[in-house]
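Note sheet for the following structure.
Chain letters run A, B, ... following the sequence lines, proteins first and then strands; every chain starts at 1.
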Amino acid sequence: MLHIKCPHCGLRSQNEFSYGGDATVKRPELNKDVSDKDWDNFVYLRKSPRGKHLELWQHISGCRQWIKVERDTLTHEIFKTLKASEEA
Amino acid sequence: MSEHFRLDKGGLINRSKKISFKFNGKKYFGYEGDTLASALIANGVHLVGRSFKYHRPRGFFGAGVDEPYAIVQMNRNNEVDPNVRATEQELFEGLEAKSVNCWPNVDFDIGAINNFLGKFFPAGFYYKTFMWPKSFWYKIYEPIIRKAAGFGAASIKHDKERYEHKYEYCDLLITGSGPSGLASAYAAAQNGAKVILAEDKSRFGGSLLTSEVTIGNQSGQEWAEKIITELKSMPNVVVKNRSQVFGYYDHNMLVMSERISDHLPKSEKYIPKQRLWYIRAKEVIISSGSIERPLVFGNNDIPGVMLSSAAKEYLKIYGVLVGKKPLVFTNNDSGYETAIEFKKNGIDPIILDTRKDPNSEIIKEAKDLNINIKLSYVVVAAKGYKKVNSADIAKISEDKKKY
Amino acid sequence: MQKYSVFSLIKNAFKDHKDWEVAWKDPTPKTEYDVIIIGGGGHGLATAYYLAKEHNITKVAIIEKGWIGGGNVGRNTTIIRSNYMHDENGLFSEFGMNLWRNMSQDLNFNVMFSPRGIINLAHSDAQMNVYSRRGNSMRLNGIDAVLLNRDEVREIIPMADFSENVRFPIFGGLMQPSAGTARHDAVAWGYARQADSMGVDIIQNCEVTGFDVSNGKILGIRTSKGEIKAKKIGLCVAGSTNILAEKLNMTLPIETHLLQACVSEPIKPILDNVVTFGAGHFYCSQSDKGEMVMGGDLDGYNSYAQRGNLPTLQHVLTEGIAMFPFLSKLKMLRTWGGIMDMSMDGSPIIDKTHIEGLYLNCGWCYGGFKATPASGWTFAHTIAQDRPHELNAGYSLNRFNTGHLIDEKGLGTKTWIS
């Protein structure tokens, strides 16, 4: 069971969190023309690397904040955690 | 029935409390502190089951969690418990168990015909046949094969027992209470660390209970008792026996199953049968010791062929002889320890050692005790069917190419 | 090739089984092939077999990083079914059912296909309605489906929880009687043996390190055993698709996730069907050895670790005990994990790519094992004819771009959240 350090609450068990997927995906800007390809990239396409992965988690049974976690997808080692607003 | 294979003294069992139990409908006696396995061996019972496919006779191979053979069906408090290892089940008054995978009984098992036809049932034979005619696989062949499946029978009743879950955090989790586990727990606890010490068996001490060692001026067993008593009195230490750590998950999350009532005739009111611990440890020491590896020779699965460490454990902890004419086949010094224990209890063992010219203190001790040692010898095959009765042995040739 | 039968078994028994031929060879790679299939799992082996059998293309190599059958074909819960609502999935899977029914004879290898029936349990009236709709769709596509009421379910699986005041009462179920299980490793070995006998080179312990692409055309691969040229290359590496896609500078509508399964110690036969829980993700069957074979949910985050974590396993088994209370007394014998390609609509991809001569077979989510023959058959067709067969036309790569999703489970893009 993962042990995730919430930047707001400290070290907590995985079952307090809910996963939110790849944190590097950028939503196309509002009020601008968006091509099908851009939508495709945003909605469906994922790198899903083996190794370092920056991902979103929500501390759903805690402070309910979204956070960023940099984790190894092969070893599950967590390198760092950030507030959602912080850049990796 | 009397206990022909129980020594008059020795062992850690409570000889003042006799316990009666039933195996395959027959009544036997053992003592408090026995396992089902040790009590059966004390009564001279070695045939306890049949193998899965060839229905070969099965006895006891180990003395604990590593037991691959002695798997029995248990009845406890009007509930059935399938696939219980006889080597792990502690004896309680009125225990009932029976052999599985045999019909009509373990002594005379019709399925053993597979053993004699084994030539026609090599590994994976079912991939190569049962293909014609097409519909026969799931209409005829598979239902017959399915009937032969499984060991114990599970009850489909709702399980009325109580089970608990518990979360715990510690600085140090130690699995195994042998010399290294105890020493580590003691050192860490004295420095103020929050320690959990888990022991799979009912007794603490691990190999200290079966080896002739001294620590300081105390015997290993005395030292273990002293340390455990002291650890139990420390507020920062949790000491648990009958507790098996069985999973090591990410980020030092370990799970431990504590058997609270399995050794009792029935669970007390509000007391669970088992408790599952989720332990998040900062550090973990796995000091579980090792499981002896079997040697390879013909028919090394016959009842009566067992690990030498198990034979020693039955002797030292339960005061039980696994046999009266033991042959110890070894390729290292540990077999000598077992042989010496037999010798000390008035039994003459023979040691076969694969090594040509081994030299150590324990070998010298064995020689001084006049134990019959045959160097450069191997067991080629064990003989017997339901119980081992002899062995073919041979000397390894000089170039080690043949014997 | 030596034929397997009861007669060959007896004959060889008298020779102490010393005369069996190797089931497949261990060749060194040639410098060039007509087709290279990357991935020696069930789908890759089946593809190679059908390329040889149906399209007479035998200058084929299977390149496998580890050993054949070491991935998900050796790690699944062996369920075979075609109980889908959507036409694309239903027709594709039912085509596969026909291949399953004849597979043992076709491969001369007993894959133990056992149509023991699969029951999806329903725990509410609404779920019964959904099941009746799915059952009707199945029947329209020629797939057998039976809607069972509570008593009919009880007759088949009396050990399920039919007690009063239970949290998930059983209202009934949808059964596909012709669905069932097969012996998973036999499928891999059966295909490997036949493919080998028809001239396919099975090359194990050979890792693909890169691709040679020039002017939008595939020329070959670089491997740990040297460069190999090929006219066409097919990717059959579910679980590792994103790793190879990265080497091709492709980004796919796939995330890699972790799925666990477990078996209990063997007990006497008690459950003859495959049963799935309707109020969570849990499924269970009993193997011919007596083990209860169980599986369930994804661990829930991207992972390439072929091992699971505790919360999901516990969650899944809690569901299992809610369905079959007697499971609580059994001891777990093994638990393990496999890595899945989770596509964004829960359906697979079998298609050409923008690179000429490069074909893609991936995105199998939880359901790859049952699709093994149909996937191999249609992928072989797609490679040989350079266009998809009508059975796999719906499994296109660009459906995410065009909006033609096959969202069987109605989970949208986040199938791994379910």
Applying side chain to side chain contact (heavy atoms under 4.5 Å, CB included) to C:Leu9 and B:Phe125, what does each step give before you reach the verdict? CA-CA 8 Å; C:Leu9 201 60; B:Phe125 75 99; 4.1 Å; yes
Can you check side chain to side chain contact (heavy atoms under 4.5 Å, CB included) on C:Met112 and B:Tyr127, steps first, answer last? CA-CA 8 Å; C:Met112 301 178 207; B:Tyr127 297 128; 3.8 Å; yes
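- Your options are C:Asp272, C:Asp185, C:Ile267, and the one with the most heavy-atom pairs under 4.5 Å with chain B is C:Ile267.
- At least one donor-acceptor pair under 3.5 Å links the side chain of C:Lys268 to the backbone N or O of B:Ala149.
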Check the pair C:Arg307 / B:Tyr249 against side chain to side chain contact (heavy atoms under 4.5 Å, CB included), numbers first and verdict last. CA-CA 9 Å; C:Arg307 61 188 160 84; B:Tyr249 291 92; over 6 Å; no
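- Within residues 64-86 of chain B, the residues that have a heavy atom under 4.5 Å from a heavy atom of chain C are B:Glu79, B:Val80, B:Asp81, B:Pro82, B:Asn83, B:Val84, B:Arg85, listed by number.
- Across all non-hydrogen atoms, the minimal contact from B:Met131 to C:Ser104 is SD-O, 3.5 Å.
- In this structure, C:Asp161 has no salt bridge (Lys or Arg N to Asp or Glu O under 4.0 Å) partners at least two apart in sequence or on a different chain.
- Heavy-atom neighbours of B:Lys282 NZ from other residues, nucleotides or ligands within 6.0 Å: at or below the threshold of 12.
- Counted within 6.0 Å of CD on B:Glu164, heavy atoms from surrounding residues, nucleotides or ligands total more than 12; the atom is thus considered enclosed.
- Per-residue counts of heavy-atom pairs under 4.5 Å with chain B were compared for C:Ala186, C:Pro115, C:Ser328, C:Gly290; the largest is that of C:Pro115.
- Counting heavy-atom pairs closer than 4.5 Å to chain B, the top residue among C:Phe113, C:Phe324, C:Phe7 is C:Phe113.
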Run the numbers on B:Tyr126 and C:Phe109 for ring-ring contact (aromatic ring centres under 6.0 Å, His included), then give the verdict. CA-CA 9 Å; B:Tyr126 32 77; C:Phe109 204 93; 9.8 Å; no
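- Looking at C:Asp288, its side chain never comes within 3.5 Å of a backbone N or O of B:Arg146 through a donor-acceptor pair.
- The two residues C:Phe326 and B:Ile156 have their closest heavy-atom pair at CB-CA, 3.7 Å.
- Proximity of the aromatic rings of B:Phe130 and C:Tyr4 is defined here by a centroid distance below 6.0 angstrom, and this criterion is not met.
- Interface remark: B:Tyr163 contributes side-chain atoms only to the contact with chain C (heavy atom separation under 4.5 Å).
- Closest of all the heavy-atom pairs between B:Tyr138 and C:Ser114 is CB-CA, 4.4 Å.
- With hydrogens and angles disregarded, no donor-acceptor distance shorter than 3.5 Å links the side chain of C:His17 to the backbone of B:Ala123.
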Please assess B:Thr129 against C:Asn110 for the test side chain to side chain contact (heavy atoms under 4.5 Å, CB included), listing each intermediate value before the final yes or no. CA-CA 6 Å; B:Thr129 181; C:Asn110 189 357; over 6 Å; no
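- Here the shortest heavy-atom pairing between B:Lys134 and C:Arg101 reads CE-O, 3.5 Å.
- In this structure, B:Lys98 has no salt bridge (Lys or Arg N to Asp or Glu O under 4.0 Å) partners at least two apart in sequence or on a different chain.
- Counting heavy-atom pairs under 4.5 Å between each of C:Thr335, C:Val111, C:Ile321, C:Asn102 and chain B puts C:Asn102 at the top.
- For the options B:Ala153, B:Gly152, B:Ala154, B:Gly247, heavy-atom pairs under 4.5 Å to chain C are most numerous at B:Gly152.
- Heavy-atom contacts from other residues, nucleotides or ligands closer than 6.0 Å to NZ of C:Lys11 number 12 or fewer.
- Contact of B:His165 with chain C is made through the side chain alone, with heavy-atom distances under 4.5 Å.
- Using non-hydrogen atoms only and a strict 4.5 Å limit, no part of residues 258-272 of chain B faces chain C.
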